[in-house]
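Note sheet for the following structure.
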Amino acid sequence: MAEQLLALGHAYHCYASPEELTQMREAARREGRAKLYDGRWRDRDPSEAPPGVKPTIRLKAPLSGETVIEDQVQGRVVWQNENLDDLVLLRSDGTPTYMLAVVVDDHDMGVTHIIRGDDHLTNAARQMQIYQALGWQVPIMAHIPLIHGSDGAKLSKRHGALGIDSYRAMGYLPAALRNYLVRLGWSHGDKEFFTTEEMIESFDLAHIGRSPARFDFSKLENMNGHYLRAGREEDLVAALVETWPHLPDRAGLPKTLDASMQTKLLAAMPGLKERAKTLAELREGAAFLFAKRPLALDAQAADILDSGGRQHVASLLPRLADLREWTPAAMEAVVRAYAEEMNLKLGQVAQPLRAALTGRATSPGIFDVLHVLGRAESLGRLEDQTR
RNA sequence: GCGCCCAUCGUCUAGCGGUCCAGGACGUUGCCCUUUCACGGCAGAAACAUGGGUUCGAGUCCCAUUGGGCGCGCCA
């Protein structure tokens with residue numbers, strides 16, 4: 001291709017040495033010129049070539065006029081050709097540069113649309129010149145803005161740019177991440193939630209904004225919470241099982257979830273999913289299901305039991321044990337009756353139960369916890385705390 | 001330094017000359033619901049960067065300033 005451009009007079013050999021090039025660049029910068037290469041070999045005869053120097057081949061770019069790209073998101077972008085210098089097409093070792101290679105490759109592959117980050121916008125101008133020199137049809141271009149970190153600085157490897165697996169490790173659902181991302185820099189009126197089908201249906205280049213968006217974890221988290229709450233219980237169990245090995249290690253949790261654990265998880269899911277924003281939180285909320293007796297109590301739970309809660313647990317234990325039916329409704333009736341007898345608010349007896357059953361001060365509804373845990377396990381845990 | 005891009009609530013954004021004393025979402029504040037934590041409901045605070053134009057009329061068009069971003073290799 002480069003040879004062809006040479007033959008057409010759209011390219012030429014350049015014998016400038018690296019030293020000359022850096023000198024040129026420094027001079028250009030000093031004098032405030034945009035062009036870094038001065039085109040010194042542009043019109044020279046090959047006979048003037050210094051002996052023993054392997055030349056590069058540079059594009060003979062137009063000296064005047066403008067290079068224009070009609071970008072689908074940036075609009076019409078114009079460069080004065082006098083500011084664009086003659087780029088290298090072929091290195092002195094004969095290999096093509098990226099600029100030449102992409103153009104030829106895209107053309108050969110029949111690429112119709114070039115959609116990429118706007119950090120390539122300047123490259124687009126130079127590639128445009130190559131397309132023109134070659135007489136090829138230019139693909140439709142769309143340069144979309146980059147995503148920045150929450151502080152407005154650009155995302156880089158050491159600053160917030162995480163791989164996709166990091167988001168999995170944080171417990172974000174793929175659908176939620178996609179939904180969050182599609183709304184970053186693009187909008188469809190006031191619509192916030194999109195199924196994959198809706199995204200495919202509605203997404204368009206025309207509504208992509210031109211300014212960079214900041215990545216906002218709290219909104220991602222909120223959106224993930226929506227997906228969790230709206231998700232089917234079975235799907236969430238499956239998602240958690242699948243993600244389990246990728247979540248950060250945490251003491252006190254099983255390495256994998258066997259069938260019986262999954263069954264418990266499924267039963268507890270309606271109460272759990274309401275309270276979690278990520279799969280990591282979901283797993284944390286479910287930890288009590290997998291805990292081994294006697295439970296380790298956290299500080300708050302211990303405090304609840306120590307400050308009088310233990311008595312209530314002890315009093316309620318026989319009443320619950322006498323229940324014929326282990327249903328949330330039946331248990332609620334018993335506990336409410338007890339609270340009334342003692343002239344207590346429900347919360348005052350529910351909290352001690354919660355502490356004894358889960359080792360925590362927060363959990364799903366206490367009657368659901370009793371139900372999900374089952375009679376034997378529940379009574380066992382309560383009994384543990386009465387001693 | 002030079003070139004290009006951008007600029008509405010803290011954040012994501014709607015807005016394509018009058019319907020905007022600027023709408024939605026996240027976050028935030030208060031209240032309600034309530035067995036905890038959440039969910040949910042209701043209410044509130046919160047923005048058109050600045051200065052010039054154009055126009056009967058500008059968040060919407062133009063210019064400048066300021067502030068961000070990206071690019072500037074015989075790297076990709």
Side-chain angles (χ1 to χ4, degrees), chain A residues 14 16-18 21-22 25-26 28-37 54-58 69 71 73-75 77-80 82-85 87-99 101-102 117-126 143 145-148 150 152-154 180 183-193 206-207 209-223 225-226 229 271-277 281 285 300-301 304 332 335-336 339 344-355 358 360-367 369:
Chain A
C14 169
S17 67
L21 259 17
T22 56
R25 272 192 275 276
E26 282 165 16
R29 191 156 294 209
R30 206 179 321 116
E31 293 162 28
R33 280 183 285 112
K35 256 186 182 172
L36 265 21
Y37 175 74
K54 284 206 187 308
T56 59
I57 293 179
R58 302 185 95 111
I69 71 169
D71 194 280
V73 349
Q74 301 291 333
V77 186
V78 181
W79 284 266
Q80 296 305 315
E82 59 193 46
N83 291 323
L84 266 15
D85 56 13
L87 61 276
V88 173
L89 262 17
L90 235 48
R91 289 184 266 263
S92 53
D93 66 2
T95 57
T97 60
Y98 164 77
M99 285 300 171
V102 271
D118 69 6
D119 50 338
H120 280 281
L121 195 54
T122 320
N123 287 339
R126 329 195 78 179
H143 287 86
L146 268 15
I147 295 171
H148 289 187
S150 55
K154 79 158 185 169
Y180 173 69
R183 280 284 291 103
L184 210 53
W186 175 83
S187 61
H188 189 68
D190 286 338
K191 194 170 165 63
E192 296 282 350
F193 290 93
H207 290 88
R210 279 184 285 208
S211 57
R214 298 187 188 200
F215 196 95
D216 180 10
F217 272 99
S218 68
K219 186 153 184 173
L220 203 211
E221 208 161 77
N222 171 278
M223 190 154 267
H226 274 279
R229 271 172 265 131
L272 292 172
K273 70 177 189 179
E274 291 291 326
R275 273 155 261 261
K277 289 206 164 62
E281 288 180 13
Q300 284 177 302
I304 289 168
E332 178 161 2
V335 175
R336 278 193 188 278
L344 294 168
K345 299 187 75 171
L346 187 52
Q348 291 174 280
V349 300
Q351 277 303 81
L353 285 178
R354 190 185 319 280
T358 69
R360 307 280 187 79
T362 68
S363 80
I366 197 63
F367 305 114
V369 169

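Numbers restart at 1 for each chain; the letters A, B, ... are given by sequence-line order, proteins then strands.
- For the pair A:Lys345 NZ and B:U34 P, the computed distance is 10 Å after rounding to whole Å.
- Listed nucleotides B:C74, B:C12, B:G27 differ in distance to A:Arg25; the shortest reach to its side chain belongs to B:C74.
- Base contact: A:Ala361 has a heavy atom under 4.0 Å from a base atom.
- No engagement by A:Pro145 is indicated, since no non-hydrogen atom pair under 4.0 Å with the nucleic acid exists.
- Between B:U35, B:A76, B:C37, one nucleotide has an atom nearer to the side chain of A:His120 than all others, and that is B:A76.
- Applying the 4.0 Å criterion to OP1 and OP2 of B:C39, one finds that A:Lys277 has a side-chain N or O inside that range.
- Between A:Glu281 and A:Arg275, none of the side-chain N atoms (NZ, or NE/NH1/NH2) sits under 4.0 Å from a carboxylate O, so this pair counts as no salt bridge.
- Among the heavy atoms of the strands lying under 4.0 Å from A:Ser92 is at least one base atom, whether or not backbone atoms are also near.
- Across all strands shown, A:Gly365 has heavy atoms under 4.0 Å from base atoms, whether or not it also approaches the sugar-phosphate.
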Would you tabulate the nitrogen or oxygen pairs shorter than 3.5 Å linking the protein to nucleotides 40-45 of chain B?
residue: B:G40; atom: OP1; partner: A:Arg229; partner atom: NH1; Å: 3.3

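- Applying the salt bridge (Lys or Arg N to Asp or Glu O under 4.0 Å) test to A:Arg33 and every residue at least two apart in sequence or in another chain returns A:Glu31.
- At B:U36, none of the side-chain N or O atoms of A:Ser363 fall inside 4.0 Å of OP1 or OP2 (strictly under the cut-off).
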Check nucleotides 3-5 of chain B against the protein and report each pair of N or O atoms closer than 3.5 Å, with its distance, or say if there are none.
residue: B:G3; atom: O2'; partner: A:Trp79; partner atom: NE1; Å: 3.4
residue: B:C5; atom: O3'; partner: A:Gln74; partner atom: OE1; Å: 3.4
residue: B:C5; atom: O2'; partner: A:Gln74; partner atom: OE1; Å: 3.0

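- In this structure, A:Thr122 OG1 and A:Arg126 CZ are separated by 8.5 Å, a value rounded to the nearest 0.5 Å.
- Here the nucleotide nearest the side chain of A:Glu192, chosen from B:U36, B:A14, B:A25, is B:A25.
- Residue A:Glu274 contributes atom CD, which lies 17 Å from atom P of B:U34 at whole-angstrom precision.
- At a threshold of 4.0 angstrom between heavy atoms, the contacts of A:Arg126 with the nucleic acid are absent.
- Residue contacts shown for A:Thr362 include a base, since a base heavy atom lies under 4.0 Å away.
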